[in-house]
Q: 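Below you'll find the structure I mean.
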Amino acid sequence: MPDLEAQIVDYMRPLFGEFAATAFAQQKAKLGMGEHQLTSDQYEALVEGIRTMCNQVAGPTVADRVYTGLIALVREAP
Amino acid sequence: MEVAVERLPAPSVSRVRSYVKNLDAQMEGGIPVGSIVLVCGRPGSMKSSLTYSMLHNQAVKEGRRGLYITLEQGRSSLTRHLHHIGLEADATDKVAIVDLSALRKSFSDDAPGDQVNWLEAIVAQIRSYKALLGCELVAMDSMSALYSLHEFQNPRRELFYFFEGLRDLQVTTFLISEMYDPEKDIFARYEVEDFLADGVVHLKVDRSEGQSNLYLGVVKMRETRHNRNYFPLIVDHEGFEVVTD
């Protein structure tokens, strides 16, 4: 789902700015996810990891908001 | 025929209160909405604390959302420091502290690095934050940290466009600026920032006879008749106060 990954990075961009793509790639690597096609469960785990990163950068309110948007993207993905 | 000339009242300016006790009365009630204000001083002059307190009080007392971008001091270090002066960052969810220093550290090896125009990137990011968080007030801590990221070719020109970019965002912006020269009142590194800004608030530390006293002066505030005196600045658990008597 490369389109979904591009959408996730776009959604992260307001908070992570220039670092969005790097943050996404780093989070994938941290969770041991390679270049292969991820399952829905793996995408949800990835979004949880991104939430933790957002919490460190901007606190829980913003992290929850980003998480809500990302989890909706993942669950609505075809 | 004699024509009566009506003296029209000056258009009223919406203002942001500083919530520094006694200060707003010295500048027609506060800072004009949409201004870009330099908050400058030497290290230890409480620039960050004062600026955060303005955002915090605006959020708690007036419901205005704020965004505090830290480029140097970590989020947890900043919130601990604020706790010491009686400001609980967790008391409101209307001020988002965004720790770009954490991002810089996390991705230092993979960072986009030198190819990024940081002045443009910060403006773009504030625009995104405004859309994401709906903030009316923005603080950036600090200009020195931003300058350490950005490689200038033509500071005057680039800073002009940076300030114009901030102005277009239509938020009230506080730019925290470190002053380094102990002898001169140079408010920011390139000496053009105070011309480009709408306001300059100067925090002065007077160290003499074994004592260290803080003073606050409003050096410049466009659209505002303001007192140019430097007032003693006090901070306690009730907040900031200038002594005007």
Side-chain angles (χ1 to χ4, degrees), chain A residues 2-36 38 43 45-77, chain B residues 52 59 65-71 73-79 82 88-135 138 140 146 149-150:
Chain A
D3 282 353
L4 176 59
E5 297 196 3
Q7 284 177 51
I8 291 173
V9 171
D10 278 345
Y11 202 88
M12 291 169 68
R13 211 174 294 283
L15 182 61
F16 290 89
E18 301 286 342
F19 295 101
T22 311
F24 178 77
Q26 202 177 76
Q27 196 57 36
K28 260 180 96 173
K30 194 174 163 185
L31 296 173
M33 297 170 183
E35 292 303 310
H36 60 273
L38 302 187
Y43 273 117
L46 191 57
V47 168
E48 282 290 349
I50 293 168
R51 178 194 221 167
T52 306
M53 263 198 303
C54 290
N55 194 24
Q56 285 162 359
V57 171
T61 308
V62 176
D64 288 349
R65 194 177 296 200
V66 173
Y67 174 79
T68 304
L70 286 178
I71 207 74
L73 272 181
V74 166
R75 289 179 182 162
E76 287 162 15
Chain B
Y52 181 84
R65 287 189 179 275
L67 167 69
Y68 191 100
I69 300 173
T70 171
L71 288 165
Q73 188 174 14
R75 193 171 189 280
S76 55
S77 159
L78 178 68
T79 52
L82 294 170
E88 300 300 341
D90 294 339
T92 176
D93 62 1
K94 288 195 163 68
V95 182
I97 299 176
V98 173
D99 182 0
L100 290 187
S101 72
L103 286 183
R104 285 173 58 196
K105 276 180 255 170
S106 300
F107 308 123
S108 55
D109 294 336
D110 308 318
D114 294 342
Q115 70 268 31
V116 174
N117 179 328
W118 277 95
L119 298 185
E120 287 178 8
I122 286 285
V123 172
Q125 210 148 336
I126 295 172
R127 187 178 296 112
S128 300
Y129 292 147
K130 189 184 172 193
L132 182 73
L133 308 169
C135 52
V138 174
M140 198 185 65
L146 178 61
L149 295 169
H150 184 80

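First the proteins, then the strands, lettered A, B, ... as listed; each starts at 1. Because the structure is predicted, anything quoted here is derived from the model rather than measured.
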Q: When you compare the side chain of Tyr129(B) with that of Val62(A), does any pair of heavy atoms fall below 4.5 Å?
A: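 A side-chain contact is absent here, since even the closest heavy-atom pair is not under 4.5 Å.
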Q: Can you tell me how far apart CG (Leu132(B)) and OH (Tyr11(A)) are? Round to the nearest 0.5 Å.
A: 7.0 Å
Q: Using a 4.5 angstrom heavy-atom cutoff, name the option from Cys54(A), Gly69(A), Ala25(A), Ala58(A) with the most pairs to chain B.
A: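 Ranked by contacts with chain B, first place is Ala58(A).
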Q: Give me the atom names and distance for the closest heavy-atom approach of Gln56(A) to Arg75(B).
A: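 The pair with the smallest heavy-atom distance is O-CD, 3.7 Å.
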Q: Please determine whether the number of non-hydrogen atoms from other residues, nucleotides or ligands lying under 6.0 Å from atom CG of Asp64(A) exceeds 12.
A: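 Buried by this count: over 12 neighbours within 6.0 Å.
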Q: Could you point out which residue of Asp93(B), Val95(B), Thr92(B), Leu133(B) forms a side chain to side chain contact (heavy atoms under 4.5 Å, CB included) with Thr61(A)?
A: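 When Asp93(B), Val95(B), Thr92(B), Leu133(B) are each tested with Thr61(A), the side chain to side chain contact (heavy atoms under 4.5 Å, CB included) holds only for Asp93(B).
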Q: Which pair of non-hydrogen atoms, one from Ser128(B) and one from Pro14(A), has the smallest distance, and what is that distance?
A: CB-CA, 3.4 Å
Q: Run the side chain to side chain contact (heavy atoms under 4.5 Å, CB included) test on Val98(B) and Val57(A) for me, step by step, so that the C-alpha distance in whole Å, both residues' side-chain angles and the decisive distance to 0.1 Å come before the verdict.
A: CA-CA 6 Å; Val98(B) 173; Val57(A) 171; 4.0 Å; yes
